[in-house]
Amino acid sequence: VASGVIASASLPVFAQARKPEEGVDFIALEKPAKVESPANQIEVVEFFWYKCPHCNRFEPDLEKWVAKLPKDVAFRRVPVAFRDDFVPQQRLFYALEAMGMAEKLHRKIFAAIHDQRVNLDSIEQIAAWVEAQGVDKAKFASNYESFSVQTKATKASQLQRAFNVSGVPSLGVAGRFYTDGSLSQTMNRALETVDHLISEQRSRKQGAGKA
């Protein structure tokens, strides 16, 4: 399955106020996944795929949420690869990240695919589109084929498996918890679930610090 099922109808107000429950709104991993954030930060990961329409629709709300995150929360995006034909877009993200241009072009890639119907499935198509955005084509191609980008794509797929990602968009918290639109019913509710998990992790860290 390439994308999680997301309910379009919003939940009743009384349901929104309900405290997120393990096994209902989120899943606790049996084995913790690796995190990249420092020990004093709580890592939140968004798993996504550029061709996923749900990810495209979720992006504006996610950006607003990320903009308000406190300093003790580290957010990063992880492109998934459910199949081999997802890998070119995984590498697209990491090649742009290596060039410091991932944030600048992230929304533009979604728009190109979903609004302008641009095909970005192969390195040739991707390189041509990137060049049209004013990016040095040779430098991009070099990054795209680099060992570093290949390694990051491999690690992304490993993290995807560690979290048992069943669809996108989905979210991982502190290498220990997973939620998506199927579990939380809507992605906005999923963000509320993540806020709850962040708060619990923060309290846990503070409690451990006092012990």
Side-chain angles (χ1 to χ4, degrees), residues 3-7 10-49 52 54-55 58-82 93-94 97 102-103 106 151-211:
S3 44
V5 178
I6 297 174
S10 57
L11 293 174
V13 173
F14 69 85
Q16 291 284 12
R18 178 178 59 79
K19 180 182 174 182
E21 297 175 49
E22 181 181 336
V24 178
D25 302 284
F26 66 91
I27 294 167
L29 304 190
E30 289 182 16
K31 181 183 176 184
K34 288 183 180 179
V35 296
E36 291 187 359
S37 63
N40 64 344
Q41 288 189 305
I42 300 160
E43 183 176 85
V44 175
V45 176
E46 184 223 6
F47 295 98
F48 76 96
W49 177 38
C52 163
H54 301 305
C55 299
F58 178 50
E59 187 58 30
D61 289 335
L62 178 64
E63 283 189 4
K64 288 175 192 170
W65 181 82
V66 170
K68 297 175 184 175
L69 285 176
K71 290 181 180 179
D72 68 340
V73 179
F75 172 79
R76 66 186 175 107
R77 293 182 170 90
V78 174
V80 300
F82 291 117
F93 176 81
Y94 286 120
E97 186 180 66
E103 287 300 315
H106 190 64
T151 300
K152 284 189 173 183
T154 299
K155 283 185 175 180
S157 295
Q158 289 171 346
L159 192 66
Q160 170 193 325
R161 289 192 291 272
F163 272 96
N164 296 312
V165 175
S166 58
V168 287
S170 51
L171 299 154
V173 181
R176 301 180 63 220
F177 306 103
Y178 171 86
T179 187
D180 59 21
S182 296
L183 289 163
S184 293
Q185 304 305 314
T186 72
M187 284 310 296
N188 281 332
R189 171 67 177 167
L191 289 176
E192 291 178 11
T193 298
V194 171
D195 283 335
H196 166 76
L197 291 169
I198 288 171
S199 180
E200 289 215 327
Q201 286 300 295
R202 186 180 291 125
S203 298
R204 189 167 159 267
K205 282 174 179 280
Q206 289 170 348
K210 291 174 184 175

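In this chain, numbering begins with 1 at the start of the sequence shown.
Going from atom CD of Gln201 over to atom CZ of Arg176 covers 5.0 Å, rounded to the nearest 0.5 Å. The line from CD of Glu43 to CG of Asp72 is 13.0 Å long, rounded to the nearest 0.5 Å. Rounding to the nearest 0.5 angstrom, the gap separating the CG atom in Asp180 from the OG1 atom in Thr186 is 11.0 Å. Here Tyr178 contributes atom OH and Leu29 contributes atom CG; the two are 10.0 Å apart, rounded to the nearest 0.5 Å. Interatomic distance, Ser170 OG to Met187 CE, rounded to the nearest 0.5 Å: 7.0 Å. One distance of note links CG of Asn40 with NZ of Lys205; it measures 7.0 Å at 0.5 Å rounding.
Between Phe48 and Phe93, the two ring planes are perpendicular [angle over 60°; tilted spans 30° to 60°]. The aromatic rings of Phe75 and Trp65 stand perpendicular to each other, their planes meeting at an angle above 60°, with 30° marking the opposite boundary. Taking the six-membered ring where tryptophan is involved, the planes of Phe177 and Phe26 are perpendicular, since the angle between them exceeds 60° and thus also 30°.
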Chi angles and distances behind the salt bridge (charged side-chain N to carboxylate O under 4.0 Å, His left out) call for Asp25, Arg18: CA-CA 10 Å; Asp25 302 284; Arg18 178 178 59 79; 2.8 Å; yes
Decide yes or no on salt bridge (charged side-chain N to carboxylate O under 4.0 Å, His left out) for Glu103 and Arg77, but give the supporting numbers first. CA-CA 10 Å; Glu103 287 300 315; Arg77 293 182 170 90; 2.9 Å; yes
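Using a 4.5 Å cut-off on side-chain heavy atoms (C-beta onward), Pro20 and Glu192 make no contact.
Just one residue in the list Leu191, Thr193, Val24 forms a side-chain contact (heavy atoms from CB on, under 4.5 Å) with Ser184, and that residue is Thr193.
Ser203 contributes a side-chain N or O that, together with a main-chain N or O of Ser199, makes up a donor-acceptor pair within less than 3.5 Å. Not one N or O on the side chain of Gln160 forms a donor-acceptor pair closer than 3.5 Å with the backbone of Phe47.
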